[in-house]
Amino acid sequence: MAEKFLKLKIKGDGIIWAIYFILCAVSIVEVFSSSSGLTYRTGNYFKPVLSHMGFMFVGFLMLIGVMNIKCKYFKIVTPFALLFSFIMLVAVLVLGQSTNGAQRWISFLGFQFQPSELAKGALILAEAQILSAMQTPDGADRRAFKYIAYVSLPFILLIAMENLSTAMLLCITIFLMMFVGRIPKAILGKLMGGVMLVGAAGILFVMTVGTDKSTQPEDAAAQTLTLNESSKADEPQQKSKISKIFHRADTWKSRINKFLNSEEVSPDKFDIDKDAQEAHANIAIASSNIVGVGPGNSVQRDFLSQAFSDFIYAIIIEEMGVWGAAAVCLLYIILLFRTATIANRCANTFPALLIMGIALLLVIQAMFNMCVAVGLAPITGQPLPLISRGGTSTIMNCIYIGVILSVSYSAKKREELAEV
């Protein structure tokens, strides 16, 4: 009976399954090891990892469910996913809960979720459908770019207001999907030029509106208050209103300044309290001694506030060494190339573009998280897909894997059409 159930339910590409289970195993070990801060606050040694495993189990059930849906039915979900995601993105700006200065979560029946995680999947669905519907023998119709822009821009702008890094990674994914979907290169070149101009204007805006509080003296707050009071007659709190709307500009400016600051700081002058995350991530990496200290033996997990999420890759390096961290990185690369192989076998463009978009989303986010951990990118709040502790992100990543598995066995193959 059990064997019959497994044959009925466990379908799809074996390599994708292997990568998924290995990443889940790494996740359980590393989340259990890196959750010492949560353990201290809750007083329960096993609660953080058990909670994470609960989300993983829910995600696995969702994976099984999605995997058993034939890929042709995913098109039906697109308009409903877009509408629901848009409503949730607007709602989070009004009703969302603020954590670490960012209003990204909505609480429902005691469960917190991030609408941006839902929006990412909805946009990939929509773009895959647009690109597949507008394919010609010479590539995608030029109008496809216009439709993609109409659909994507409102979502990206809403996400960017509270989660700029997610919006940027989503933009990169959408751009690469358009490249894979054969949007004319002239259009993509103009888009890159426009993005560079908008990016430069955005950085200028952030540097103008934002305030890098880490560089202010201790009495800066009092000085700022005095200046504001003295200028009320001339400027009726115009800047304060702008700052309130774009309150994340302060965080963005401090991160940009910190990343661009190439000044060498001697160990005796380094402020380990102000730059705690960067400092302890570097210490974790340096402490690995190539071979690692072994699972469960991390020291820096007690000092990194997001050791179980944003900086879990630094803990992986510390415990598993450079070779273990490289193996984790390699798993994501294999995931991308294996998905590309599956997509190349698809007879229809929609499933191929859909799973390529999903794989690009997962791998780009993973690489960015790794770059942050080793100091090659500014610090953001991006978790490591399928490994970091999370709720919505864990479940959604499992659903993404389920979509790839569904396409791997249910999509029409080129060989099947050739035989017919």
Side-chain angles (χ1 to χ4, degrees), residues 3-24 59-79 81 120-141 144 148 173-174 176-183 330-364 385-386 396-420:
E3 291 180 3
K4 186 177 180 181
F5 175 80
L6 288 174
K7 288 181 181 179
L8 177 66
K9 297 297 181 182
I10 306 300
K11 306 172 183 176
D13 187 78
I15 295 177
I16 299 294
W17 271 115
I19 293 170
Y20 170 72
F21 282 125
I22 293 172
L23 289 175
C24 286
F60 178 73
L61 294 180
M62 297 292 286
L63 182 155
I64 295 295
V66 171
M67 182 192 67
N68 283 279
I69 299 173
K70 292 186 177 181
C71 62
K72 64 181 180 180
Y73 295 115
F74 291 139
K75 290 183 179 181
I76 302 173
V77 180
T78 304
K120 290 190 294 186
L123 282 181
I124 290 174
L125 270 170
E127 185 173 354
Q129 197 159 338
I130 292 170
L131 288 170
S132 64
M134 305 194 72
Q135 286 295 312
T136 69
D138 299 322
D141 191 295
I148 290 171
T173 303
I174 290 174
L176 291 176
M177 282 188 69
M178 288 192 290
F179 178 79
V180 173
R182 302 193 301 167
I183 291 287
L330 183 61
L331 286 173
Y332 289 104
I333 296 173
I334 295 173
L335 173 65
L336 178 62
F337 279 92
R338 186 59 184 175
T339 303
T341 301
I342 296 169
N344 191 49
R345 293 174 182 169
C346 293
N348 300 316
T349 54
F350 171 71
L353 289 169
L354 175 60
I355 63 173
M356 279 306 300
I358 288 173
L360 286 168
L361 179 68
L362 292 174
V363 175
I364 290 171
L386 296 170
M396 287 303 301
N397 290 333
C398 290
I399 291 175
Y400 293 152
I401 297 297
V403 173
I404 296 174
L405 290 169
S406 171
V407 171
S408 71
Y409 87 89
S410 68
K412 289 184 179 179
K413 308 296 190 298
R414 295 179 187 271
E415 311 89 73
E416 294 175 1
L417 291 183
E419 290 176 2
V420 174

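All residue numbers in this chain count up from 1 along the given sequence. Being a predicted model, the structure only gives us computed values, none of them experimental.
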- Message: In the structure I gave you, are the side-chain heavy atoms of Ile69 and Phe74 within less than 4.5 Å of one another anywhere?
- Response: yes
- Give, for atom CG of Leu336 and atom CD1 of Ile355, the distance between the pair rounded to the nearest 0.5 Å. 10.5 Å
- Could you grab the distance from atom CG of Leu63 to atom CD1 of Ile401, nearest 0.5 Å is fine? 7.0 Å
- Task: Heavy atoms only: give me the nearest Phe350-Leu125 pair and the separation to one decimal.
- Result: CE1-O, 4.0 Å
- Heavy-atom side-chain contact between Leu360 and Ile124 under 4.5 Å: no
- Query: Is a side-chain donor or acceptor of Lys413 paired with a backbone partner of Ser408 at a separation under 3.5 angstrom?
  - Reply: yes
- Query: Is a side-chain donor-acceptor pair under 3.5 Å present for Thr349 with Gln135?
  - Reply: no
- Is there side-chain contact between Thr339 and Ile358, with at least one heavy-atom pair below 4.5 Å? no
- Message: On a heavy-atom basis, which atom in Leu353 and which in Ser132 lie closest, and how many Å separate them?
- Response: CD1-N, 3.9 Å
- Note on the structure: Here the gap from Leu386 atom CG to Leu335 atom CG, rounded to the nearest 0.5 Å, amounts to 8.0 Å
- Query: Say you draw a straight line from CZ of Phe337 to OG1 of Thr341; how long is it, rounded to the nearest 0.5 Å?
  - Reply: 9.0 Å
- From Leu361 atom CG to Asn397 atom CG, the distance as rounded to the nearest 0.5 Å: 8.0 Å
- Side chain to side chain, Met62 and Met396, heavy atoms closer than 4.5 Å: no
- Is Ile342 close to Ile16 at the side-chain level, that is, under 4.5 Å between some pair of heavy atoms? yes
- Task: Search all heavy atoms of Met356 against all heavy atoms of Ala340 and return the closest pair with its distance.
- Result: SD-CA, 3.5 Å
- Message: Using 0.5 Å steps for rounding, measure from the CG atom of Asp13 to the CZ atom of Arg338.
- Response: 4.0 Å
- Closest heavy-atom contact between Val407 and Cys346? CG1-SG, 3.7 Å
- Note on the structure: For Gly402 and Val66 the tightest heavy-atom approach is C-CG1, 3.8 Å
- Message: More than 12 heavy atoms of other residues, nucleotides or ligands under 6.0 Å from CZ of Phe21: yes or no?
- Response: yes
- Shortest non-hydrogen contact from Cys71 toward Pro351: SG-CB, 4.1 Å
- Query: Any donor-acceptor pair under 3.5 Å linking the side chain of Arg182 with the backbone of Thr136?
  - Reply: yes
- Message: For a 4.5 angstrom cut-off between non-hydrogen side-chain atoms, does Met67 reach Ile64?
- Response: yes
